[in-house]
Amino acid sequence: MIRHRDRTHYWAAVWMLGAVLSFSIMAVAGREVASSLAPYEIMFYRSLVGIFIVLCFSAYGQTLREINLRHMKLHILRNVFHFAGQNLWFYAVAIIPLAQVFALEFSFPIWVALVAPLMLGEALTRIRIIAAICGFIGVFIIARPGFIEINSGVIAAALCAIGFAGSYIYTKLLTRNASITCIMFWITTIQAILGALVSLIAGGITVPPVEAIHWVIVISLGGLLAHYCITRALALAPAIIVAPMDFLRLPLIAAVGLLLYNERIDLFVVTGALLIIGANYTNIYWENKQRNAPH
């Protein structure tokens, strides 16, 4: 008979699978629209569509009353981190191979593992440290710093990890006191405001051409669904467990890059991906084993 704690971890994995698929679709759409809109403009339009969708689903589910102004400091911090990370991510997606972007981005669980004990009170166990280090080694095998050109796209992909780590930490804090409807509303609203401000500072908001509108909608739906899935996963399992599940995006996006953009998958990508997936599986396996051990 499956214990309750087992079920919650498995459901967290299911929700993260939804996030993995959503982020991969969003990466393709981000590359397709990059010639028409700047990253912060993509964030602005994506968030506007997101606000409409959140309000519609909230009205249908009768959860509009859950939207409130409590914990605004956490909402703002969460979205500032994410806005910075996502802009860097969209910039990188447009100019370097997709597998390379995702590989460098995947250093964010290292930051989550280091910060979670201080901010979330989650234990930094030996197996979690080993799994994080192995995942990081896998990232470096794929990225091969010192053997490939380090351009602005590579730097942006590496830096976006810090933004996403901060987003994970503050999302986990918010799930303790705020509803998913409230979190999703402020995710879209605050990032729409940030996108508009940056666009105006940069010279104005560009109206997307007709041929790019459907890609903007895909990005909006993909981003919203991904954040919903991550929020549900974080509500079911510790951040240090949820974050490494995102590593599954790497083999998927490598295949997408090969099929759609003829981005070659070499031995380094395969080796690094296997190490990352192995570290992820080990982390989840030992976490479940420790939780199910008799006390």
Side-chain angles (χ1 to χ4, degrees), residues 2-27 46-47 49-68 70-71 74-75 77-79 81-82 85-86 89 105-106 108-109 112-113 116 119-122 163-191 218-249 252 280-281 283-284 287-288 291:
I2 300 177
R3 298 183 182 182
H4 175 69
R5 286 181 177 178
D6 284 330
R7 290 198 300 269
T8 58
H9 278 80
Y10 291 139
W11 277 114
V14 170
W15 283 114
M16 282 307 297
L17 178 60
V20 165
L21 295 173
S22 299
F23 278 130
S24 299
I25 293 171
M26 192 171 66
R46 162 189 154 173
S47 299
V49 175
I51 292 171
F52 174 76
I53 294 172
V54 168
L55 291 177
C56 287
F57 274 91
S58 300
Y60 176 79
Q62 299 181 341
T63 58
L64 283 173
R65 63 184 180 278
E66 296 176 2
I67 299 173
N68 55 65
R70 293 191 292 271
H71 313 294
L74 289 179
H75 284 296
L77 286 171
R78 184 255 176 236
N79 287 292
F81 270 101
H82 185 266
Q86 193 70 77
W89 188 82
E105 174 197 343
F106 283 155
F108 83 90
V112 172
M119 297 187 64
L120 301 178
E122 298 179 3
F164 291 148
S167 172
Y168 260 83
I169 293 295
Y170 284 110
T171 299
K172 182 62 178 179
L173 287 171
L174 283 165
T175 59
R176 295 176 176 177
N177 300 294
S179 70
I180 292 178
T181 296
C182 187
I183 293 171
M184 297 304 296
F185 173 79
W186 288 117
I187 283 175
T188 53
T189 301
I190 293 174
Q191 295 197 55
V218 169
I219 291 172
S220 302
L221 293 174
L224 196 63
L225 182 58
H227 290 301
Y228 177 80
C229 291
I230 289 173
T231 303
R232 290 298 300 265
L234 287 170
L236 293 171
I240 298 178
I241 300 301
V242 170
M245 293 180 190
D246 205 25
F247 282 143
L248 296 176
R249 271 197 284 154
L252 176 60
N280 179 39
Y281 175 79
N283 192 20
I284 297 173
E287 179 67 21
N288 280 328
R291 287 176 176 267

(request) Under the side-chain contact (heavy atoms from CB on, under 4.5 Å) rule, what do Ile230 and Phe23 come out as? Steps first, then yes or no, please. (result) CA-CA 11 Å; Ile230 289 173; Phe23 278 130; 3.5 Å; yes

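Heavy atoms only, all atoms of each residue included: Leu224 and Gly50 are closest at CD2-O, 4.0 Å. The two residues Met184 and Tyr228 have their closest heavy-atom pair at CE-N, 3.7 Å. What you find for Met26 and Gly222 is that their closest heavy atoms are SD-C, 4.3 Å. Across all non-hydrogen atoms, the minimal contact from Thr171 to Leu234 is CG2-CD1, 3.5 Å. Across every non-hydrogen atom of Ala233 and Ala12, the tightest pair is CB-O, 3.6 Å.
The line from CG of Leu74 to CZ of Arg176 is 10.0 Å long, rounded to the nearest 0.5 Å. The distance from the OG1 atom of Thr181 to the CG atom of Leu64 is 8.0 Å, given to the nearest 0.5 Å. Expressed to the nearest 0.5 Å, how far CG of Leu174 lies from OG of Ser179 amounts to 10.5 Å. Rounding to the nearest 0.5 Å gives a distance of 10.5 Å between CD1 of Ile183 and CD of Glu66. Considering CD1 of Ile67 and CZ of Phe185, their distance stands at 5.0 Å, rounded to 0.5 Å. A distance of 12.5 Å separates CG in Leu225 from OG in Ser220, rounded to the nearest 0.5 Å.
When each of Thr188, Ile219, Leu221 is paired with Arg46, the side chain to side chain contact (heavy atoms under 4.5 Å, CB included) condition holds for Ile219 and for no other. Each of Leu173, Ile169, Ile187 was evaluated against Arg78; a single residue qualifies, Ile187, per the side chain to side chain contact (heavy atoms under 4.5 Å, CB included) test.
Aromatic ring orientation, Trp186 versus His75: tilted (interplanar angle from 30° to 60°).
Ser167 places no side-chain N or O within donor-acceptor distance of the main-chain N or O of Gly163, the cut-off being under 3.5 Å.
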